[in-house]
Amino acid sequence: MRPFKTPGLDKTMCGIVGYVGHRPALGILLGGLRRLEYRGYDSSGVVLLNGKGLEVEKAPGKLSALEERLKSHPLSGRIGLGHTRWATHGGVTERNAHPHLSCDRKIAVVHNGIIENYAELRQGLRRHTFSSGTDTEVLAHLIEACYRKLGGHPLRAVTMALERVRGSFALGVVNADYPDLLVAARVNCPLVIGLGEGENFLASDIAALLPHTRRVVPLEEGETAKIDPSGVSIFGPGFARVKRRPLEIAWKADKALKGGYRHFMLKEIHEQAQTVAAEVQGRDGGLDDVRLPGNLQRVVVAACGTAWHAGLVAKTAIEELAKLPVEAGLASELRYGDTPFDRRTLTVALSQSGETADTLAALRLAREAGSPTLAITNVRGSTLAREADQVLFMRAGLEVGVAATKTYTSQVMNALFLALHLGRARGTLPRARFLELLKGFRRLPGQVERVLERTTEIEKVARKHARGYDFMYIGRRYNLATAYEGALKMKEISYLHAEGYGAGEMKHGPLALVDGRLACIAVAPRGRVTEKMVSNIQEIRARGGRVIAVATAGDRLVASVADRVLEIPACEEMFSPVLAVVPLQLLAYHAAVSLGRDVDRPRNLAKSVTVE
Ligand code: M6R
């Protein structure tokens, strides 16, 4: 196979699932797709191999459209593949949905990624009949051509084909001549194999495997695998056999169910008291197995989206407690910028999924420059976890909703712990203060619980403002991040116009937006900047804006200037981002529900952004 370091690659964000074993495959494939649907929901499809050969069903739109078709036309077979698509090449149509078949309909392929040289490859396959406008279909025909040339050898046919392919891919292949064999391959896109008894599985991520197995083997870059009901063989570049111990995943399968909640997002918001408690447990003594490098001069945090907001909290906390300068960079900017990385710069890559393309690229850049790297991620076996020098695993468990909620508070918790331990390691945080902060950490789970008890009140505020208002979220210091995060939650699931802004920046322009149709959410818990926030609130009120403040319980000053207060329990300023974000998650959630939005699957988005 080609070298796998291909900087600058684009990737699609699809989900793949595969099964081979003794059970009917269709239900397993559909169950897996349901758990992967957050990776893309433009179209979906399945292929099963049975006595009639390969049978395919596909449908544009959400998975429910495919399920509907399969009700009247179920497919049988004990081996098969499924795919859920986030379109890049080719429109959202049935013919562009995966799986794609070879001309003789004996080889079927599902693919997550991009085939950069597909046009050139297609030229060389002129005798083949193409039936879609996708880059993926070229793989089915290319593998068919190699298979014929080799006179068989389903695995070698795949590796031979991939030698000619430029791009990134995770793929699953079935071949009608081999009714017990799935072939898988990965370059730059995630793929995990699940190990069962007399059955084995394949999926883009662990979530799809959980109902069946917690023993997984992640495929690494450039590897191919032969998967049959009795075992799995993995091969590295040059066809060298690879031995890898399976990982045992602690996540529970029921995390992939809504557990009585209307949406995953609501369930995940409510899980935060437990996930914050899980983050606190056993963290007094150190940062799990992480050994912080000495002699550091600075820290660079690389992240995207919500994770970047947690990165901003990391910056404020590390600068306060460890007295180290921190750059919290958007990974998409860092990867093409000239930020100096070196041996004395600790690079912290923050990513829930551990698969975000830009964050991985920034990490690789830092590593190449000799910077020690630390990943903070939720997913064991993810690319980020494997490539970083050290890993701090979040303890949020599986998150299904596209909008990050519990993984945000977990990221913030880990960022704070990192700051705390850096402070201790550098001698800038006295022991007495360290112990005091630890006490504050232990109070957080109960405090999150208290915020969650206010759901009904927040729902009322959300319903009142969901129609007819634009939103401006403002904050300072630790809660600048909360303002950004609150606004992101609102826009991504309700599609309402919401901006996050530094409160001190309002006079530099955004104040012009203030009128009776602007709802301003001021994140103003007790801390170094409360009084500054109070002035900013007054300036907005004086211009006819409506202000809903997130403030510390009993804070009369903030209450006296805001139209409405959403209270959070008293805590150290440093901990307030964990508490203050919860009412904002609920506000966005209830606004979106009252507008009838698809909360768990917002339009145009996918949970794992493996496209740059
Ligand atoms: O998996 P990551 O933490 O790297 O994901 C980063 C962003 O794509 C993610 O946080 C995104 O912004 C969320 N959907 C926001 O809710």
Side-chain angles (χ1 to χ4, degrees), residues 11 13 15 36-41 86 189-190 204-207 263-266 268-269 272 301-314 328-335 348-363 375-385 387-388 391-394 396-415 473 481-482 484-495 498 500 581-582 584-589 592 597-612:
K11 303 171 203 173
M13 310 191 280
L36 292 176
E37 207 185 359
Y38 63 79
R39 298 179 70 92
Y41 25 85
W86 191 90
C189 283
S204 295
D205 73 35
I206 292 163
H263 294 102
F264 281 110
M265 184 183 176
L266 188 61
E268 288 157 2
I269 291 173
Q272 288 177 111
V301 182
C304 300
T306 287
W308 179 66
H309 301 155
L312 294 175
V313 178
L330 288 169
S332 50
E333 291 296 318
L334 283 174
R335 70 180 292 187
V348 180
L350 252 173
S351 169
Q352 184 285 127
S353 61
E355 301 295 349
T356 299
D358 286 326
T359 309
L360 286 169
L363 176 99
I376 299 183
T377 181
N378 199 28
V379 182
R380 280 171 201 273
S382 60
T383 310
L384 193 70
E387 292 196 11
V391 190
L392 193 53
F393 284 108
M394 295 151 57
L398 175 67
E399 186 176 72
V400 178
V402 166
T405 52
K406 62 175 180 169
T407 56
Y408 176 66
T409 42
S410 273
Q411 280 170 341
V412 170
M413 292 291 286
N414 280 284
Y473 291 68
T482 315
Y484 288 158
E485 178 59 10
L488 178 62
K489 285 299 87 103
M490 184 61 90
K491 63 184 117 189
E492 74 175 328
I493 58 165
S494 74
Y495 319 151
V581 77
V582 177
L584 304 189
Q585 295 167 344
L586 287 166
L587 193 71
Y589 172 79
R597 308 297 192 222
D598 188 347
V599 173
D600 286 331
R601 288 168 301 186
R603 69 184 179 198
N604 306 336
L605 301 180
K607 188 157 184 76
S608 288
V609 184
T610 49
V611 173
E612 78 161 300

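From a predicted model like this one, the values you see are computed outputs, not experimental measurements. Each ligand, and each atom within it, is numbered from 1 in the order the structure gives.
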Please enumerate all residues that pass ring pair (Phe, Tyr, Trp, His ring centres under 6.0 Å) together with Tyr589, with sequence neighbours excluded.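 Once residues adjacent in sequence are excluded, the partners of Tyr589 under the ring pair (Phe, Tyr, Trp, His ring centres under 6.0 Å) criterion are His263.
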Any residue meeting ring pair (Phe, Tyr, Trp, His ring centres under 6.0 Å) with Tyr484, in chain and number order, not counting sequence neighbours: Trp308, His309
Restricting to non-hydrogen atoms, name the atom on Arg380 and the atom on Ile206 that form the minimum distance, rounded to 0.1 Å. O-CD1, 3.5 Å
Residues at least two apart in sequence or cross-chain that pass side-chain hydrogen bond (donor to acceptor under 3.5 Å, both in side chains) with Thr482, listed by chain then number, are Asn479
Give the residues near ligand 1 by chain and number, with the criterion being a heavy-atom distance under 4.0 Å.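 Within the 4.0 Å shell of ligand 1, which is judged on heavy atoms, sit Cys304, Gly305, Thr306, Ala307, Ser351, Gln352, Ser353, Thr356, Val402, Ala403, Ala404, Gln411, Leu488, Lys489, Glu492, Val609.
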Taking C-beta and beyond as the side chain, do Met490 and Tyr473 meet within less than 4.5 Å on heavy atoms? yes
Donor-acceptor pair, Glu492 side chain versus Ala403 backbone, under 3.5 Å? no
